[in-house]
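Everything on this sheet refers to the single structure shown next.
Please read all numbers here as calculations on a predicted model, not as lab measurements. Reminder, nothing fancy here: chain letters follow the sequence lines and each chain counts from 1.
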Number of protein chains: 2
Amino acid sequence: MLKLGKLTDYATVLLAAMAAEPERLHAALELSGRTSVAAPTVAKLLKQLQKGGLVQSTRGAHGGYRLSRAPALVTVADVIRALEGPIAVTDCAVHDGGCAIEVGCAARAPFRLINAAVTQALEAVTLADMAASLNAAPRRPAEVSMTEVPIFFHPAARQVSAHVRRR
Amino acid sequence: MLKLGKLTDYATVLLAAMAAEPERLHAALELSGRTSVAAPTVAKLLKQLQKGGLVQSTRGAHGGYRLSRAPALVTVADVIRALEGPIAVTDCAVHDGGCAIEVGCAARAPFRLINAAVTQALEAVTLADMAASLNAAPRRPAEVSMTEVPIFFHPAARQVSAHVRRR
DNA sequence: GTAAAGAAGACTAAAGCAGTCCGGTTTGCG
DNA sequence: CGCAAACCGGACTGCTTTAGTCTTCTTTAC
């Protein structure tokens, strides 16, 4: 399915919730309540995100987590890399060796290009975009039409959901 | 890792090998020899690809498999869909329900856009492209640079590796 | 000093994936 | 007519990855 792990999905939701109030300190339990993600899972994810440098922690009573960077500077690709390692559609797209085919493999070069394209799509969406779509009036899923997609590819378009938010 | 299954990878290699001689009939064993993929695996994959409508089989002695469509009309996305089902970066990007968060989920709409973008990248590469890169002089991996990627997004550019092939 | 909060890691259960093997059917050819 | 080559269809097993939980320890505010 070319699937992302469920945990990565949750992590994105958590970070989006934090991005709504970037300055505040967010306790793990509080985030669990706000996002409906199970508390132990939230704790586990935040630890990993901290290891990946995406959030900073404050220990002790009234402690919590805070985003390390401004929401606009954190992309979905960053989240995936923090939790699942480098983005690699196939193994051979990233590291050489280990593949029996390797030499004269027709798929290799094209897969590298695909990998780069996928990465670019993931770099195009930031936490700020997600937080914005949280604050906006709820949209019905069907309203996100396929025709809106090419905005990703316009060189100047960084804030994807700015487009989504309108109308 | 956003990984594709290894089997999907192999299937792409097999189809690329067949695309080099689209008219011929290819026996499973012969393809195994040409691609270094284990014979039972080849057989299994071709069966699945047939179920997915990508190849046609001829039974009996001197039988084999043939591509159902011209190589230029088969994309990597087709291969993935035949083996792994619909392309879905997250579950909620495709089917509704089953997600505890669901309502008021900030990540949902953005993930749908990402999913569409990823799909588009996968649709952009065909078996014909791969077969071409097989016939061309072998390129060293490093030569496929990131700067070549945007070709994917140019509206008129369908044959990605036509660009890769040159120089 | 006590309570609230994060840190760290071990552990279990479940799911998906890769790979193999089997018996069956169709077809070509001597 | 019978054998061999090739595909057909599915069952089955072992492995890896993932999700999720639990426990114990450390830090800090009041």
Could you state the atom-to-atom distance from [atom1] of [X] to [atom2] of [N] in whole Å?
X	N	atom1	atom2	result
Arg66(A)	dA5(C)	CZ	P	16 Å
Leu4(B)	dG16(C)	CG	P	17 Å
Lys3(B)	dT17(D)	NZ	P	6 Å
Gln48(B)	dG10(D)	CD	P	12 Å
Leu45(B)	dG19(C)	CG	C1'	11 Å
Leu25(A)	dT27(D)	CG	P	18 Å
Leu46(A)	dG20(D)	CG	C1'	15 Å
Lys44(B)	dT20(C)	NZ	C1'	9 Å

When all nucleic acid strands are considered with a 4.0 Å heavy-atom cut-off, which category describes Ala28(B): base, sugar-phosphate, or nothing?
-> sugar-phosphate
Assign Lys6(A) to base, sugar-phosphate, or nothing according to its heavy-atom contacts below 4.0 angstrom with the strands shown.
->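 Answer is sugar-phosphate: Lys6(A) comes under 4.0 Å of backbone atoms only.
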Distance-minimising heavy-atom pair for [X] and [Y]:
X	Y	answer
Arg34(B)	His26(B)	NH1-ND1, 4.0 Å
Glu30(A)	Leu25(A)	OE1-O, 4.2 Å
Pro86(B)	Arg81(B)	CA-CG, 4.2 Å
Leu54(A)	Ala82(A)	CD1-CB, 3.8 Å

Does the pair Tyr10(A) and Thr41(A) meet the rule for a side chain to side chain contact (heavy atoms under 4.5 Å, CB included), with working shown?
-> CA-CA 9 Å; Tyr10(A) 292 161; Thr41(A) 305; 4.1 Å; yes
Residue [X], side-chain heavy atoms: nucleotide from [options] that is nearest:
X	options	answer
Pro40(B)	dC8(D), dT20(C), dG19(C)	dT20(C)
Lys47(B)	dT27(C), dC7(D), dG9(D)	dG9(D)
Ala61(B)	dA29(D), dA5(D), dG20(D)	dA5(D)

Any side-chain N or O of [X] less than 4.0 Å from the OP1 or OP2 oxygen of [N]?
X	N	answer
Ser57(A)	dA7(C)	yes
Gln50(B)	dC8(D)	yes
Tyr65(B)	dC8(D)	yes

May I ask you to check whether Asp9(A) and Thr12(A) show a side-chain donor-acceptor distance below 3.5 Å?
-> no
Leu7(A) with Leu15(A), same ILVMFWY side-chain cluster at under 4.5 Å =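 Hydrophobic grouping puts Leu7(A) with Leu15(A).
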Could you tell me whether the side chain of Arg59(B) has a donor or acceptor atom within less than 3.5 Å of a complementary atom in the base of dT27(C)?
-> no
Starting from the 5' end of DNA chain D, give me the residue, Gly5(A) or His62(A), whose nearest nucleotide shows up first.
->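 The 5'-side residue here is Gly5(A).
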Upstream residue (5' side of DNA chain C) when Lys51(A) and Gly60(A) are each assigned their closest nucleotide = Gly60(A)
Do you know which of Asp78(B), Val79(B), Ile87(B), Leu4(B) makes side-chain contact (heavy atoms from CB on, under 4.5 Å) with Leu122(B)?
-> Ile87(B)
Per the end-axis method with five pairs at each terminus, what is the bend angle of the helix from dG1(C)-dC30(D) to dG30(C)-dC1(D), to 10°?
->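 Roughly 10°, once rounded to the nearest ten degrees.
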